[in-house]
Structure formats: C-alpha cells, structure tokens
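Notes for the one structure printed next.
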There are 2 protein chains.
Amino acid sequence: MTLRELAVASSAKTLETLRGDIVRRYEELSPRLQQVAKYVLENPNDMALQTLAVIAERCEVQPSTIVRFAKTFGYEGASDMQELFKDEMLTQAPSPSYAERIRQFSRRAGAAGALAPQDVMHEFADSNILALEHLKSSVRKADLERAVEMIAGASAVYIVGLRRSFPVASYLAYALRHVDKRAYLLDGVAGMLAEQSTMLTSKDLLIAISFQPYAAETVEIVGSTREQKARIIAITDSRLSPIAAASDLVFEIKDAEVRQFRSLTASLCLAQSLVISYAFDMEKRGRVR
Amino acid sequence: MTLRELAVASSAKTLETLRGDIVRRYEELSPRLQQVAKYVLENPNDMALQTLAVIAERCEVQPSTIVRFAKTFGYEGASDMQELFKDEMLTQAPSPSYAERIRQFSRRAGAAGALAPQDVMHEFADSNILALEHLKSSVRKADLERAVEMIAGASAVYIVGLRRSFPVASYLAYALRHVDKRAYLLDGVAGMLAEQSTMLTSKDLLIAISFQPYAAETVEIVGSTREQKARIIAITDSRLSPIAAASDLVFEIKDAEVRQFRSLTASLCLAQSLVISYAFDMEKRGRVR
DNA sequence: CAACTAGTGAAATAAAAATTCCAGATGCTA
DNA sequence: TAGCATCTGGAATTTTTATTTCACTAGTTG
C-alpha cells in the first residue's frame, strides 16, 4: 500500500483529531514520516510559526517530506496543515494579560467554591513549586553529605514508609537498586512487616519515612532497629515526630499541602537527590581507587 | 519631518520595548500608521501568525503601509519585525520545548565535574520546578475534566504502574481510597499481575502509568483491558508510547530528568490533582442532590 | 536475479508573499 | 493659488517559500 493510498479522504479539522490520527497511524508510516510525526506531536508551535525549510531541518528531513506528510493526512499541502496549528495557537494563546491570571489565582485561593480541575492542578503545581523552593533553602549541606556517607557505608539499605509515605519509600528502593545499592523495601506484604525488619544488622541502614499521622508500624520498626544498633535516617515533617528521636539523622521536610491533601514532591526530590549524590560519590571513589 | 527621518537607528529588540516605542511615538505617526499601530498593539498574535496581506486587510491598509510601519520603527522590513512577535509567542506560549529546556537544564549543570550533594539537590529542585511549570501550561483543561468524569463514572478504578512508575501508581491508589473511591493497585505481588487484571469489567476504569522504557507487563495489561472494553487513562511520556494508542485519554507528561534519572514530580502532581478534583466533583454533586 | 514498488533527496518549478517604486492626492506655506 | 513636501494606494518587482517532478536506492516478489 503506498503512502498516497493511505491518505484519508478528508483531513482532520481540529488539532486534537489530527493528533489522534497521527498516533493511530504512526506505525504504518514510513521512517521519514515517523520522524516528522514525532516532531509534529512534540513541537506544534514550530509547525505554526516556522517555514517548511526550518521545520524540515529540525526534523532532519527534506521539505518535500513535510509536504508528503501533510498529504498523507489528507491535506492539500503543508500550508493547509499549518493553518490548523496557527488556529490552535490563536485560540489558546495566553493573550489575556498576566493581570487576568493573577485575578484568577486569588479568586481560587479565596473562595472555597467549586474549582475546575485545571484550577486545582495549578494550585497544586504552584504550591509544589513553593515546597521545592523551601526544600532548597532548608536542607543543610552537611546533612546531605552525612546521609550520602551513611548510605555508602551501609552494607544494605532497608526502607520503610507506609500509607502516604509508601510512594517515597518505593521510589527510594527502586532508585537505590538502580545504582547498584542493595536496597530492601519493607512493604508489609502478607503482614510480615515485623519479620522483615528483624533482618537488619548493625551494618545496615534504615531509611524511615513518616508523616503525620505517623503510622504505628513505622514507629515500631524504628524502635526495634535502634535496638539492633543499625543506623537510621528519618525523613519526616517535624523534629518532634516519633521517628525523629531514635534516628541518627533527621530530614525535616515541609511538603506542600492543599486543602488537607499533602503532597510528596519535596520528599521525593530529597530522595532523588540522595540517590544520585550517592551514585556520584561511588563514581568518584571508583575513579580515585 | 518625514516618516523616513523618524526612523530610529536601531530597532527594538524585545516586544516590550517595541510596545513602548509605539505608544511613545503614536501621536507623531501619520493616520495610516496610527491605524497600524493600534492594530499591532491589540493583535500581537496576528502579527506573528498572519501574512502581510491579511494583516493589511484587517487594518484596512495597504501591505506596503505595514512595511513602512516596520521601517519607521527601525526594522529592515515587515518580516524583520514579525520575527519579534514570533519569538514572543514561542517563549511565552505553552511551548513543548519546555521539555527540551528541562533536558538542557540538566545537561548544563551536568557539565561540571563531581557535584556536592547540595548542588545535586538544587539541580533537582530547579528542574522539578521547570517540569511543574510545564505541566501547568501543557495539560489541557478539557482532558482533566474528562478524566474526572471517567473516574466518577467508573464502578472501580484499577491502577497499574510498574518499576519507575510504581510510586505514582501506589500514590494514586492510596489517594483514591481516601476519597472513598474503590481503587485497586495491580502490583503483581506473587507474580499475579495477569490474574489481577482479568478482574476488570467494562464498567471499570484502568489508569496506566508508564514511561520509557515501557514495562512490557503494563503494555500487556492495557491491551487486555482494551479487549475487556474497560476505559483507559494513560499517563505517559509520549503520544507514541505503546500504552497511548489503546487509551481513551492520554496525559503526556514531561518530567524532569537529571543525568538519566527521571523524576516523578509532574506525574505525581497530576495524579494528585485528578484525585482532588474528583473529590470536589463528588462533593458538589452531593450538595446538589 | 530481473522487474517492480515504495520511499527518498535534491533540483526545478510554481505560487505566494514581501518589498519597492511611482504617480497622484492631500494639505500646507508663501 | 502656485509650489512644495509628505502621504498613500496600487502595480511592478524581487525575494522567499511551497510544491512538484524526477532520478536513484533499497527492498520485495515472481
């Protein structure tokens, strides 16, 4: 079947349908056309604003290929297809000024009324950004370095985080394994949490993650780990948290909170940073050795 | 004094300064040129996207007048001035090149040799912030609303996300349960992933989360779910991802990436927003009833 | 392995767009 | 009101941009 034959009778009339068409037919496109497809999906703005020659260059393709692509999807030519992208830009361009956006923001912050999903998302994104800014300024350099040392010095890392903290814990376990650190997630599958935690020895490290309301099991594990003389890093929301007292190192993380719902962004960012820093550290030592 | 003489030696280099120039010199412009000035100030988008002929017609002026206008403000020609408007659009439009920026950001910071943990953390925080900004501008209102509807309409929500995506999946399951939505996490404990997924019926919703390299199991589950006629929401990194094609709704999320390590911030923020929006929606319906 | 087919790059051509030019209109000054 | 300077519309020209064509490559089928 030739590409020409593939051409659909009528071209998509909105960007959304075009996107759908492209995705649906992606597999059957020729390699060059796939290149274009990818670029089109990821850089709609360029399609609207640039000339064919420029787009072609960025796709690493000939201009004629772009024309072929357009025809494949039922357009007269590339210009015809570009119209669509221009329209899209015009209709959704943030032409209304910043002032308007600010007003929307304050309105949403104030009234507790019904919020559109988009408003909710913006609110979340904004407060997560705040939380990250706070993280940057509140975590101490020395603490980070010490944490990396502790990870490097441990023969294995055990991680516990239940309920709300579970995503952070699972991320940590996953990431540590990826940088070749032995990491075990105490996940309590089959109610074996206590049993899982008895495996810790004095050469191991426990990373415990817990936020209000602190899960009793996590607190318990921190306690018993203490007795086994293993080292403990706590990621929690207060120095007064029940897991803080028994820990060797405490990261106090203030995560974003929007109407009761706390976020995990800052905690995850910290987790990520620890893992990567550890990886760098290993790399450095490896080279030195 | 002729218009030619009025021309300033050097053209404005940003839209903002050009705007200033236009306003300042408005009075001394000839009537036709004032017409153009007015239009330019009020329809910057057209300046970026339309041809001279179109703009001229909308100003009720000859194309040559637009050229004169551009020259009056020190540009080579109208095309030269249009560049400025296009640039403006690219930088402040919800540009998918944010994805590119996020990647570049990390590359830049990565160039310097061994980084201290704190530097790593700052780098992560900053690129997560970028990713969140991108999220805000790239996710479409209508998609969010549709997602909420789909969640509300489902008799149960199944969630699959393995490996790197697992934290997001587990968070979603946790959060949905907290707002009293029946949610099941397909976690593959005891190798029962396929068995777990056979439980889906046509009244259910599957939320699948997968990023490159796409976990084969997730792709498989999406496929079999499709056959069972359940609805599917995909959270993934490209419209061309193997789970996108079979999905009813696709969220394309560009998360931060620092040296191979991708973050989950944006995905989590989206997950959060969906859950809370759903909760609000329920609340609203409840009140109406 | 010859004959065909689809896909591709590059050059040729066509189309469209931008720019320049000029003749006439307008309004001002002497 | 004659003379001058500026402005303006529209046609002519130039430049840029899009499209078509064609020859070559690679892969497939009989």
Side-chain angles (χ1 to χ4, degrees), chain A residues 1-8 11 22 25-40 43 45-87, chain B residues 1-8 11 22 25-40 43 45-87:
Chain A
M1 191 167 20
T2 75
L3 283 180
R4 175 140 300 196
E5 287 172 78
L6 276 175
V8 289
S11 54
I22 294 176
R25 297 175 51 195
Y26 183 78
E27 282 308 325
E28 57 189 44
L29 296 177
S30 72
R32 285 297 114 106
L33 258 36
Q34 289 192 350
Q35 253 170 272
V36 178
K38 218 167 190 169
Y39 189 84
V40 166
N43 304 71
N45 292 340
D46 281 6
M47 288 302 293
L49 294 170
Q50 308 299 70
T51 72
L52 274 205
V54 173
I55 299 166
E57 198 190 1
R58 298 199 180 156
C59 297
E60 297 177 317
V61 144
Q62 290 289 321
S64 49
T65 305
I66 313 274
V67 175
R68 273 181 215 127
F69 180 85
K71 292 196 169 168
T72 299
F73 284 92
Y75 297 94
E76 287 284 316
S79 307
D80 193 19
M81 183 172 72
Q82 275 187 307
E83 286 296 302
L84 212 62
F85 287 86
K86 291 186 182 176
D87 283 356
Chain B
M1 198 169 10
T2 76
L3 282 181
R4 175 140 297 194
E5 289 171 77
L6 275 177
V8 288
S11 55
I22 295 176
R25 296 174 52 193
Y26 184 79
E27 283 306 325
E28 54 190 51
L29 296 176
S30 72
R32 286 296 114 108
L33 258 36
Q34 290 192 350
Q35 255 171 270
V36 178
K38 217 167 187 170
Y39 189 83
V40 166
N43 304 71
N45 292 339
D46 281 5
M47 289 302 292
L49 294 168
Q50 308 299 65
T51 76
L52 275 205
V54 173
I55 299 167
E57 198 191 0
R58 297 198 181 160
C59 295
E60 297 178 313
V61 145
Q62 288 291 319
S64 48
T65 306
I66 314 275
V67 176
R68 271 179 218 131
F69 179 85
K71 293 198 169 169
T72 301
F73 284 93
Y75 298 94
E76 286 284 316
S79 306
D80 193 19
M81 183 171 73
Q82 274 187 308
E83 286 297 301
L84 211 62
F85 288 86
K86 291 186 182 177
D87 283 356

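No experiment lies behind these values; they were computed from the predicted model shown.
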Where do N or O atoms of nucleotides 15-18 of chain D meet protein N or O atoms at under 3.5 Å, pair by pair?
{"residue": "D:dA18", "atom": "OP2", "partner": "A:Leu52", "partner atom": "N", "Å": "2.7"}
{"residue": "D:dA18", "atom": "O3'", "partner": "A:Ser79", "partner atom": "OG", "Å": "3.0"}

If I take atom [atom1] in residue [X] and atom [atom2] in nucleotide [N], what distance separates them, rounded to the nearest angstrom?
{"X": "B:Leu33", "N": "D:dT6", "atom1": "CG", "atom2": "P", "answer": "15 Å"}
{"X": "A:Glu28", "N": "C:dA6", "atom1": "CD", "atom2": "C1'", "answer": "14 Å"}
{"X": "B:Met47", "N": "C:dA18", "atom1": "CE", "atom2": "C1'", "answer": "13 Å"}
{"X": "A:Phe69", "N": "C:dT8", "atom1": "CZ", "atom2": "P", "answer": "13 Å"}
{"X": "A:Ile66", "N": "C:dT8", "atom1": "CD1", "atom2": "P", "answer": "12 Å"}
{"X": "B:Tyr75", "N": "C:dA18", "atom1": "OH", "atom2": "P", "answer": "17 Å"}
{"X": "B:Lys71", "N": "D:dC7", "atom1": "NZ", "atom2": "C1'", "answer": "15 Å"}

Residues in side-chain hydrogen bond (donor to acceptor under 3.5 Å, both in side chains) with B:Glu76, at least two apart?
->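 For B:Glu76 there are no side-chain hydrogen bond (donor to acceptor under 3.5 Å, both in side chains) partners, ignoring immediate neighbours.
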By side-chain hydrogen bond (donor to acceptor under 3.5 Å, both in side chains) - contacts of A:Gln34 (at least two apart) =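 In terms of side-chain hydrogen bond (donor to acceptor under 3.5 Å, both in side chains), with neighbours along the sequence ignored, A:Gln34 is linked to no residue.
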Specify the closest pair of heavy atoms between A:Gln82 and A:Met47, including all atoms of both residues, with the distance to one decimal.
->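 What the structure gives for the nearest pair is NE2-O, 2.9 Å.
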Quick one, [X] and [Y] - any side-chain contact, counting heavy atoms below 4.5 Å?
{"X": "B:Arg68", "Y": "B:Val36", "value": "no"}
{"X": "A:Leu29", "Y": "A:Phe73", "value": "yes"}
{"X": "B:Gln62", "Y": "B:Arg32", "value": "no"}
{"X": "A:Tyr39", "Y": "A:Val61", "value": "no"}
{"X": "B:Cys59", "Y": "B:Ile66", "value": "yes"}

In residues 55-64 of chain A, which ones come under 4.0 Å of DNA chain C, going by heavy atoms?
-> A:Gln62, A:Ser64
May I have the step-by-step check of side chain to side chain contact (heavy atoms under 4.5 Å, CB included) for A:Phe69 and A:Val40, ending in yes or no?
-> CA-CA 10 Å; A:Phe69 180 85; A:Val40 166; 4.1 Å; yes
Under the side-chain contact (heavy atoms from CB on, under 4.5 Å) rule, collect the residues that match up with B:Gln50, sequence neighbours excluded.
->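 B:Gln50: side-chain contact (heavy atoms from CB on, under 4.5 Å) contacts with B:Asp46, B:Val54, B:Ile55, B:Arg58.
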Are there more than 12 heavy atoms of other residues, nucleotides or ligands under 6.0 Å from atom NZ of A:Lys38?
-> no
Filtered N/O pairs between nucleotides 22-25 of chain C and protein, under 3.5 Å:
none

